[in-house]
4 protein chains.
Amino acid sequence: MSVHSEPGDRRPPISTPAQTAKQERILDAAVQVFAEKGFYNARVSDVAREAGVADGTIYLYFRSKDDLLIQLFESRMSAIIERLRVRLADAPSAAMKLRLFIELQLALVVEEPTLAEVLTVELRQSGKFMREYKAAKFGEYLDLIEEIIIAGQRDGEFVSGVDPRLVKRALFGALDEVSLYWLQGRAGGREPYALPAAAEQIWNVCARGILRTAGAPAVLEPSKEEP
Amino acid sequence: MSVHSEPGDRRPPISTPAQTAKQERILDAAVQVFAEKGFYNARVSDVAREAGVADGTIYLYFRSKDDLLIQLFESRMSAIIERLRVRLADAPSAAMKLRLFIELQLALVVEEPTLAEVLTVELRQSGKFMREYKAAKFGEYLDLIEEIIIAGQRDGEFVSGVDPRLVKRALFGALDEVSLYWLQGRAGGREPYALPAAAEQIWNVCARGILRTAGAPAVLEPSKEEP
Amino acid sequence: MSVHSEPGDRRPPISTPAQTAKQERILDAAVQVFAEKGFYNARVSDVAREAGVADGTIYLYFRSKDDLLIQLFESRMSAIIERLRVRLADAPSAAMKLRLFIELQLALVVEEPTLAEVLTVELRQSGKFMREYKAAKFGEYLDLIEEIIIAGQRDGEFVSGVDPRLVKRALFGALDEVSLYWLQGRAGGREPYALPAAAEQIWNVCARGILRTAGAPAVLEPSKEEP
Amino acid sequence: MSVHSEPGDRRPPISTPAQTAKQERILDAAVQVFAEKGFYNARVSDVAREAGVADGTIYLYFRSKDDLLIQLFESRMSAIIERLRVRLADAPSAAMKLRLFIELQLALVVEEPTLAEVLTVELRQSGKFMREYKAAKFGEYLDLIEEIIIAGQRDGEFVSGVDPRLVKRALFGALDEVSLYWLQGRAGGREPYALPAAAEQIWNVCARGILRTAGAPAVLEPSKEEP
DNA sequence: GATGAATGAGCGTTCATTCAT
DNA sequence: GATGAATGAACGCTCATTCAT
């Protein structure tokens, strides 16, 4: 498999006004198929069948199977980022933004588990070759966290002793793994914890840590009653 | 394979005393190759060449390419778990154990980055089919965290408001992602943070959270000066 | 094949009106190749080259190499059985039918020696696994003989002291071996007997036996002058 | 696979006085294994395991897997031919000899079904490459029949209108196929006819044919009461 | 002589991609 | 643009054969 797209590729991505609906159909089908079988075990013809198009049609909209995964990632991440941006704008403080981010992130997993599965599990799967492509949108996503941390530190809400670049990674990893476990438990008939409750717990740990100490409340109040 | 092959044909794993060195050679080679190319993009003959054996020799020790990955995981995880257990036994408190766990975990990444790469990145890659096999050793690994949390809650060191099953996942995910980013940055010429320093920051967040509040020190002292 | 493949993945046989010509091309090629090299020594790519298609194309029409052999057998035997049925319908008596069967059978070997070679030699070759598949069409073929014997016994033309199930086997075996020898002699530059003449002799032995006895003509007259 | 033995082959067949017992053990094992799985589906290591020797030991006694089959054939056929010769010498007439041949042949199948299976089924299987090797011993075997026929014709016992070269083939084929069916039925839980009774019927057909005619007994008396 | 671990050529099968219709 | 039959490179795995011990 060619990992890197050739510069001389003949088939440029198409963006006809109405026929992009078909491109979207293919992307939706890819989400389903990749979530079910994994990227490497999914065949292009599986995606085609799921999308109700011919195998060759895939190649009118995507350069390759790899490109399908990349565009899937770009497309879905853009929507998620946009949505998060809008929602986060309303939160009055960095703490509230961060808490909301956690809640929204896990809510997304509940609302669109199939998409979440592909984004969390299968995107890692593509290993080496995805890393270059992933960077753009994935970095933008992570920057949402970083911006919150930086703002919180600047405004004195957050301690300054932590590197925002580290925290964004750690928080993303925590949410990702918690989501993954929930998704897999969902498929395997296991139900370890409710994701909304998990969001609250994760926030609490982020906010106050797990050490029991005098003079500091162990848990923050729920978001609705926040002053 | 043709219609005629009996299911019982499978070559059982060998465990000759001295020749198991060859099995180990193959596993080491697999770590290198899978880390470099990813499981799905690695060919069995790549592993054979790296191990300095013929292709067919692989199949004297492993049932299939999949089995090679599974045994790799089992073998390496067992060693890591054992090592962690021994080191953690010395720590005097749950807090110290947890801090040590984080440090040791990230130290492992620095010491054996190739192994870490396979364990964090490529094992997720095998997607659906690895999940069953992964369970055993991976669960054992996660239980190391869970046990620390439970003990800490029982002894009053940790707050009781968090589900240990959730925390173990979240912490693992955080460490995993932080490791992954460090590993990838290493390959890509990027150097975002030193892993030992990252361990300290992660511990601080786990311990005290990121909220700046009066009456509680924002950062815990480094481990050497810990009472 | 890897662990992940669903059992239902199998490509079903296609039966597009015009493209079935390609299936026929492949079967013809398989007859040639199997006759020349034998089933086990023939490679799928040999058949593909002979048919003028790519290797993968074989698998658009046949599930496996084994399936190719099975379908070859079914297809060619069906045609032969049909042809025999039509020709045998005209024969006025059981004796004439049996004689005609022998003649037609050996004539087929002369007309289509390559096909005959595969049918007599190579089909036996697939050993254990063909036995189940062979049963259907092969049994139907043998029943042509059995029906003639039974009718002849019922009508008093044939002696009743022989088991039709035995005779059909014995006659088939005799014809098969005689054909095989002729086919091999053909390839090896030997010419032991003309097959049409052999048909007459076999019929004579079947009809009257080889014992010379008074009161019964040792040989029956040729079929054209039969009253 | 190399079909033809190279003239430069290094390993000449061995015939140490006592250790030939091991060669015999291997041949016996080969009979069992080839009968069970077929020549092409049997592995050399299967034969080695059955014989209780190491894989490599096979190659101390046989040049190749093919050679093992050839020597198996030569060895077993020699024994059978010798045995038949001795028994046939006692028969007083050509007719009695032929009848005895049929009886002995089918008796052998009952006595040593495994050997019979290999000889009738699996030897055909080796297709092209066996043909050259087969000739010698197989021809000698067939000549037993031919000699009987020729003698019978010369002495006026048998009609002269049939080619002995043809009859030997036809009779062999009939016996072979009848044996094969019996052997397969034996494995498949079917029991179509007893082989001793089949011998009598086949002899009757050979002797007198199946046509019912006045002035000639339809069935010959059993062998004990033969004048 | 006997062993059996090691070899590596060989092959059946898959599937991303193309292109004639 | 859409199709899907055709392509053929690629790869996992097998097993006859060898050879160091």
Side-chain angles (χ1 to χ4, degrees), chain A residues 1-2 10-11 14 16 19 22 40-49 53-66 68, chain B residues 1-3 5 9-11 14 16 18-19 22 40-48 52-66 68, chain C residues 1-2 5 9-11 14 16 18-19 22 40-48 52-66 68, chain D residues 1-2 10-11 14 16 19 22 40-49 53-68:
Chain A
M1 192 203 320
S2 168
R10 288 131 306 198
R11 225 172 327 287
I14 301 171
T16 324
Q19 274 78 349
K22 186 162 291 187
Y40 280 101
N41 292 313
R43 284 164 287 171
V44 171
S45 62
D46 291 333
V47 177
R49 193 184 318 109
V53 300
D55 291 17
T57 304
I58 303 270
Y59 291 86
L60 296 174
Y61 295 95
F62 304 93
R63 271 186 235 290
S64 66
K65 192 189 177 190
D66 286 353
L68 176 55
Chain B
M1 193 201 317
S2 102
V3 167
S5 75
D9 274 356
R10 296 288 146 75
R11 237 174 303 287
I14 301 173
T16 324
Q19 274 76 352
K22 187 160 291 183
Y40 281 100
N41 291 316
R43 283 165 290 155
V44 171
S45 62
D46 291 334
V47 177
V53 300
D55 291 19
T57 305
I58 302 275
Y59 292 88
L60 294 175
Y61 296 94
F62 304 93
R63 272 184 234 290
S64 65
K65 190 190 177 192
D66 286 353
L68 177 55
Chain C
M1 193 201 318
S2 101
S5 74
D9 274 355
R10 294 290 145 74
R11 238 173 303 285
I14 302 172
T16 324
Q19 275 76 352
K22 186 160 293 187
Y40 282 101
N41 291 315
R43 282 166 290 156
V44 171
S45 61
D46 291 334
V47 177
V53 300
D55 291 17
T57 304
I58 303 273
Y59 292 87
L60 295 175
Y61 297 94
F62 304 94
R63 272 183 234 290
S64 65
K65 191 188 177 192
D66 286 352
L68 177 54
Chain D
M1 192 201 318
S2 166
R10 287 132 305 197
R11 226 172 324 286
I14 300 172
T16 323
Q19 274 79 349
K22 187 161 290 185
Y40 280 101
N41 292 314
R43 283 164 288 170
V44 171
S45 63
D46 291 334
V47 177
R49 193 185 317 110
V53 300
D55 291 17
T57 304
I58 303 272
Y59 291 86
L60 296 175
Y61 296 95
F62 304 93
R63 271 185 236 287
S64 65
K65 191 188 178 193
D66 287 353
D67 183 53
L68 177 54

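Since this is a predicted model, take the numbers as computed values, not measurements. We name chains A, B, ... by the order of the sequence lines, and we start the count at 1 in each one. Atom set for the values below is all heavy atoms of this structure, side chains included, hydrogens, waters and symmetry mates excluded.
Rounding to whole angstrom units, CG of residue B/N41 and P of F/dG12 are separated by 11 Å. Summarising the geometry, the separation between OH on D/Y61 and P on F/dT17 is reported as 18 Å, rounded to the nearest angstrom. Across the protein-nucleic acid pair, D/R49 atom CZ and E/dT3 atom P stand 14 Å apart, rounded to whole Å. Atom P of nucleotide F/dT14 and atom CZ of B/R63 are separated by 11 Å, given to the nearest angstrom. Between A/I58 atom CD1 and E/dT18 atom P there is a gap of 14 Å when expressed in whole angstrom units. In this structure, B/K65 atom NZ and F/dG12 atom P are separated by 5 Å, rounded to whole Å. Here F/dA16 presents its P atom at 13 Å from OH of C/Y40, a figure rounded to the nearest Å. Separating the CG atom of C/L68 from the P atom of E/dC11 is a distance of 16 Å, rounded to the nearest angstrom.
Atom CG of D/L68 is separated from atom OH of D/Y61 by 13.5 Å, given to the nearest 0.5 angstrom. Going from atom OH of D/Y59 over to atom NZ of D/K65 covers 8.5 Å, rounded to the nearest 0.5 Å.
Using a 4.0 Å cut-off, no side-chain N or O of D/Y59 falls inside it from OP1 or OP2 of F/dC19. C/K22 has a side-chain polar atom (N or O) that falls below the 4.0 Å cut-off from OP1 or OP2 of F/dA6.
Heavy atoms of B/A42 sit under 4.0 angstrom from primed sugar atoms or phosphate atoms, though from no base atom.
Taking the side-chain contact (heavy atoms from CB on, under 4.5 Å) definition, one finds that B/D46 meets it with B/V33, B/K37, B/R43, B/R49, sequence neighbours left out.
Looking at which nucleotide of DNA chain E each of B/G52 and C/V44 is closest to, the 5′-most match is held by B/G52.
When all heavy atoms of D/S45 and D/D55 are compared, the closest pair comes out as CB-OD2, 3.3 Å.
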Which protein N or O atoms sit under 3.5 Å from an N or O of nucleotides 8-10 of chain F?
residue : atom : partner : partner atom : Å
F/dG8   : N7   : C/G56   : N            : 3.3

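With a 3.5 Å limit on both pairing distances and Watson-Crick or G-U wobble geometry required, the stems of 3 or more pairs in DNA chain F span E:2-21 with F:2-21.
Nearest to the side-chain atoms of D/L60 among the listed nucleotides F/dC13, E/dA6, E/dG1 stands E/dG1.
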